[in-house]
2 protein chains.
Amino acid sequence: MKTKDVNRAPKNEMVELPEGERPTLKTIAFMAGLGVTTVSRALKDAPEIGRATKNRVQLIAKQIGYRPNRAGVRLRTGKTNVISLVLNAQSEIMGLTSNMVYGISEILSQTPYHLTVTPYSVENDPMQPIRYIVETGSADGIIMSRTEPDDARVRYLTEHGVPFATHGRTEMGIEHPFHDFDNEAFAFKSAKSLLLKGRNKIAMMAGPTSAVTYHRHLERGFSRAIEEGKAQAILVPDIDVDTSLERIRDRTEEIMSGSNRPDGIVCCSGSAAIALVAGIEAAGLKIGRDVDLVSKQSTDVLRWFRPEIIVFNEDIRHAGRELARAVLRRIDGVDASELQSLSYPEE
Amino acid sequence: MKTKDVNRAPKNEMVELPEGERPTLKTIAFMAGLGVTTVSRALKDAPEIGRATKNRVQLIAKQIGYRPNRAGVRLRTGKTNVISLVLNAQSEIMGLTSNMVYGISEILSQTPYHLTVTPYSVENDPMQPIRYIVETGSADGIIMSRTEPDDARVRYLTEHGVPFATHGRTEMGIEHPFHDFDNEAFAFKSAKSLLLKGRNKIAMMAGPTSAVTYHRHLERGFSRAIEEGKAQAILVPDIDVDTSLERIRDRTEEIMSGSNRPDGIVCCSGSAAIALVAGIEAAGLKIGRDVDLVSKQSTDVLRWFRPEIIVFNEDIRHAGRELARAVLRRIDGVDASELQSLSYPEE
DNA sequence: TCCCAAATCTGAAACGTTACAGGTAGGCTA
DNA sequence: TAGCCTACCTGTAACGTTTCAGATTTGGGA
């Protein structure tokens with residue numbers, strides 16, 4: 001052994017831990033009388049390290065509370081241990097963000113991953129935060145929402161080989177991990193349930209601008225039900241989920257005061273439903289009597305206020321969990337086609 | 001010059017940018033015919049670098065889209081450029097998390113800082129995520145909520161010299177950055193407004209367990225108003241903001257069906273108010289007639305559903321902005337005593 | 001002309017980690 | 001006994017940055 005063993009602890013023997021500094025591989029190496037490389041390998045159970053050594057090293061590591069330095073690992077390997085949630089700040093549908101965050105965290109908390117949240121405003125290019133993350137390599141995986149049928153972000157990330165999962169589907173022939181709520185089923189069931197109540201002039205408050213994929217799903221489900229029920233669809237193209245609540249209420253009041261007013265409404269956002277209710281009641285009508293309302297919701301609010309409203313639940317927290325699991329597995333190299341899931345409206 | 005200038009670009013002359021790899025200081029140094037050190041310094045406007053050189057370096061950096069490698073900086077300096085938001089997942093009061101996140105992001109987006117969110121569950125030790133962050137040095141600053149009068153986290157972080165800001169005040173004689181909503185004023189004004197309506201048997205639905213500081217503020221404001229108005233305070237110690245909505249509703253129904261029922265209620269959480277309303281109406285009473293309700297809210301929901309409810313607004317998004325500004329300035333060494341702010345209930 | 005200080009610029013080292021390319025010891029085969 | 005293989009361990013280099021301790025150049029004063 002031609003090592004400069006001067007101030008290294010004797011091999012195969014432990015030693016008191018030194019100063020109060022944060023322990024590094026070197027600390028452990030010194031204490032165990034081993035080389036840094038060996039320690040590194042021992043901690044990750046590499047096959048070329050002896051059982052006894054591994055045990056010893058792992059014991060010391062645990063005892064002195066060693067935690068790998070993120071910056072060191074990241075600099076060397078490029079691995080960030082970060083999952084980035086990229087959200088549109090405006091399209092905050094009642095509790096979406098929180099539930100998404102908590103769902104994702106539930107999964108990540110059992111892993112070495114951290115969650116960073118990157119909101120962007122609707123006026124900005126949705127690509128911008130994505131490009132930033134990729135260019136600076138600031139995350140190992142991305143979760144994003146507001147997926148569009150032909151989504152530039154999906155294309156970009158796929159081309160760059162960056163793992164991601166989307167909340168919502170695309171229609172561009174690229175396999176990628178996603179989790180989606182079955183909005184077609186929701187719209188269908190919703191309209192159906194209105195038909196069952198004898199309603200036959202039915203309006204739908206659709207998802208945000210037709211740019212977003214699930215808008216199409218909603219329309220598909222809705223028209224199918226309308227056709228089957230031979231009912232009349234009343235189109236209200238000028239308001240959607242992104243419209244301000246004030247405007248939704250005012251417009252609803254207008255429509256509900258008009259001659260050809262709907263007697264049933266399907267609404268696909270909990271917060272919009274609140275404005276709808278306000279508009280309906282401002283027009284002097286009563287829910288459950290003059291008009292029925294079916295809404296999607298992600299929190300409990302609606303049920304409490306107007307029990308007459310029919311509600312199908314979308315569990316965003318569950319979506320968060322699914323999305324987190326999907327990116328993580330994608331990072332581990334699992335095939336994208338195995339990481340696609342759908343959840344169904346619960347009554 | 002005894003440098004090995006073999007493959008370095010001629011000094012004082014620019015050169016085409018090389019490969020498609022992510023540019024580093026070395027890339028710029030090569031292109032500018034300078035040393036890496038000089039480039040590093042030039043980019044941060046160090047005084048020992050000539051004007052001309054600085055301009056040249058900064059131009060190149062901009063042209064090739066240079067962005068410092070986070071891991072490199074972090075490894076060398078310990079600076080993470082991360083602000084960590086530590087939240088209790090259970091105490092999610094309607095939109096608190098989202099608004100907080102968006103408020104903070106608004107400020108951080110103009111800086112090199114990123115936001116990471118670390119939720120913990122109420123069963124767990126609140127110190128745990130804090131300790132983790134400090135021990136692993138994973139953030140430059142921390143924002144946390146649910147501040148207690150004697151808060152172990154505040155003590156710990158102060159001792160360790162880690163910058164932080166709290167949403168809520170402490171009462172432990174330690175100066176630290178905070179932002180708080182004036183809950184005493186809220187409770188006082190709320191109770192006052194009920195008195196003004198002629199109500200005189202008033203209950204308050206207080207904040208989460210008395211452990212949290214603002215609970216005291218609420219009680220102080222409330223009792224002051226009650227005394228001044230010579231009214232009767234009705235205590236409901238068994239439900240608070242952390243109680244499940246179901247339980248709040250049931251208990252409210254019980255109370256409101258009882259003989260000595262309040263004719264005015266102060267509620268300090270928007271979501272709890274919803275449950276209160278349900279309970280009140282389940283007891284066959286009408287808000288605005290049999291009983292008046294004042295509530296704090298952080299979103300628009302209440303106003304839409306029961307316009308009779310008197311509402312004081314707490315702007316959580318604004319709190320987020322204030323807190324972000326506070327930590328950032330604290331990181332820059334500003335004195336804690338200058339980073340304390342209060343916001344007042346808006347009608 | 002010479003020397004000195006100021007103005008600029010420089011390479012080497014270090015942060016903590018992992019990948020690479022060996023090295024050593026011991027046992028087994030021939 | 002020599003040679004070789006296996007099992008285990010090793011130091012060095014590199015990731016990109018900043019800090020340290022100079023080095024070089026320039027211009028001015030004597």
Side-chain angles (χ1 to χ4, degrees), chain A residues 1-6 8-12 21-30 32-57 61 64 66-81 112 135-138, chain B residues 1-6 8-12 21-30 32-57 61 64 66-81 112 135-138:
Chain A
M1 219 165 32
K2 64 167 198 225
T3 40
K4 33 186 164 150
D5 246 348
V6 198
R8 178 198 270 197
K11 194 160 174 175
N12 290 322
E21 288 306 296
R22 181 163 166 214
T24 71
L25 288 182
K26 217 201 289 194
T27 318
I28 302 180
F30 174 77
L34 290 168
V36 170
T37 305
T38 310
V39 173
S40 171
R41 301 242 255 251
L43 287 177
K44 44 176 59 66
D45 251 336
E48 60 268 63
I49 304 296
R51 238 319 12 117
T53 308
K54 276 184 194 170
N55 290 341
R56 201 155 50 93
V57 167
I64 66 177
Y66 167 77
R67 292 163 183 286
N69 179 309
R70 290 329 236 338
V73 177
R74 181 163 166 182
L75 182 57
R76 180 66 239 238
T77 64
K79 174 120 189 144
T80 62
N81 279 302
E135 281 168 9
T136 62
S138 53
Chain B
M1 222 168 27
K2 66 166 199 250
T3 41
K4 33 187 163 144
D5 245 350
V6 199
R8 178 198 270 198
K11 196 162 174 173
N12 291 321
E21 288 306 297
R22 181 163 166 214
T24 71
L25 288 182
K26 217 198 295 193
T27 317
I28 302 181
F30 174 77
L34 291 168
V36 170
T37 307
T38 310
V39 173
S40 172
R41 302 242 255 250
L43 287 177
K44 42 176 58 68
D45 251 335
E48 61 267 61
I49 303 296
R51 232 335 353 128
T53 308
K54 276 184 193 171
N55 290 341
R56 202 155 51 92
V57 168
I64 66 177
Y66 167 77
R67 292 162 183 286
N69 179 310
R70 293 321 235 346
V73 177
R74 180 163 169 183
L75 182 55
R76 181 65 238 238
T77 65
K79 174 120 187 142
T80 63
N81 280 302
E135 281 168 9
T136 62
S138 54

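Model, not experiment: these values are computed from the prediction. Throughout, protein chains are lettered first and strands after them, A, B, ... in sequence-line order, and every chain is numbered starting at 1.
Phosphate contact (OP1/OP2 of D:dT17, side-chain N/O of B:Ser40, threshold under 4.0 Å): absent. Phosphate contact (OP1/OP2 of D:dG16, side-chain N/O of B:Lys26, threshold under 4.0 Å): absent. For the OP1/OP2 pair of D:dC9 and a distance below 4.0 Å, the side-chain nitrogens and oxygens of A:Thr53 include at least one atom meeting the criterion.
A:Leu75 places its CG atom 9 Å from the P atom of D:dC15, with the value rounded to the nearest Å. Look at CD on A:Glu48: it is 14 Å from P on C:dA21, rounded to the nearest Å. Here C:dG11 presents its C1' atom at 14 Å from CG of B:Leu34, a figure rounded to the nearest Å. One can place NZ of B:Lys44 at 7 Å from P of D:dT19, the figure rounded to the nearest angstrom. Distance B:Arg67 CZ to D:dT17 P: 13 Å, rounded to the nearest Å. The separation between B:Leu43 atom CG and D:dT19 atom P is 14 Å, rounded to whole Å. Atom CG in B:Asp45 sits about 15 Å away from atom C1' in C:dT8, given to the nearest Å. B:Ile49 has its CD1 atom 14 Å from the C1' atom of C:dA6, to the nearest Å.
Residues forming a side chain to side chain contact (heavy atoms under 4.5 Å, CB included) with A:Lys26 (at least two apart in sequence, or on another chain): A:Thr24, A:Val36. Scanning for salt bridge (Lys or Arg N to Asp or Glu O under 4.0 Å) contacts around A:Arg67 gives B:Glu135, with sequence neighbours left out.
Between the side chain of B:Arg56 and the backbone N or O of B:Ala32 there is at least one donor-acceptor pair closer than 3.5 Å. Formation of a donor-acceptor pair under 3.5 Å by the A:Lys54 side chain with backbone atoms of A:Arg41 is not found in this model.
No hydrogens or angles were tested; on distance alone, a donor-acceptor pair under 3.5 Å links the side chain of B:Arg41 to the base of C:dT10. No hydrogens or angles were tested; on distance alone, a donor-acceptor pair under 3.5 Å links the side chain of B:Arg76 to the base of D:dT18.
Residue A:Thr38 is classed as a base contact, given a heavy-atom separation below 4.0 Å to a base. At a threshold of 4.0 angstrom between heavy atoms, the contacts of A:Leu25 include nucleobase atoms, whether or not backbone atoms are also involved. Within 4.0 Å (heavy atoms only), A:Thr77 reaches sugar-phosphate atoms of the nucleic acid but no base atom.
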Would A:Ile28 and A:Leu43 satisfy side chain to side chain contact (heavy atoms under 4.5 Å, CB included), going step by step from the backbone distance to the final call? CA-CA 10 Å; A:Ile28 302 180; A:Leu43 287 177; 4.3 Å; yes
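Along DNA chain D, the nucleotide nearest B:Thr37 and the nucleotide nearest B:Ala71 are compared for position; the residue whose nucleotide lies closer to the 5' end is B:Ala71.
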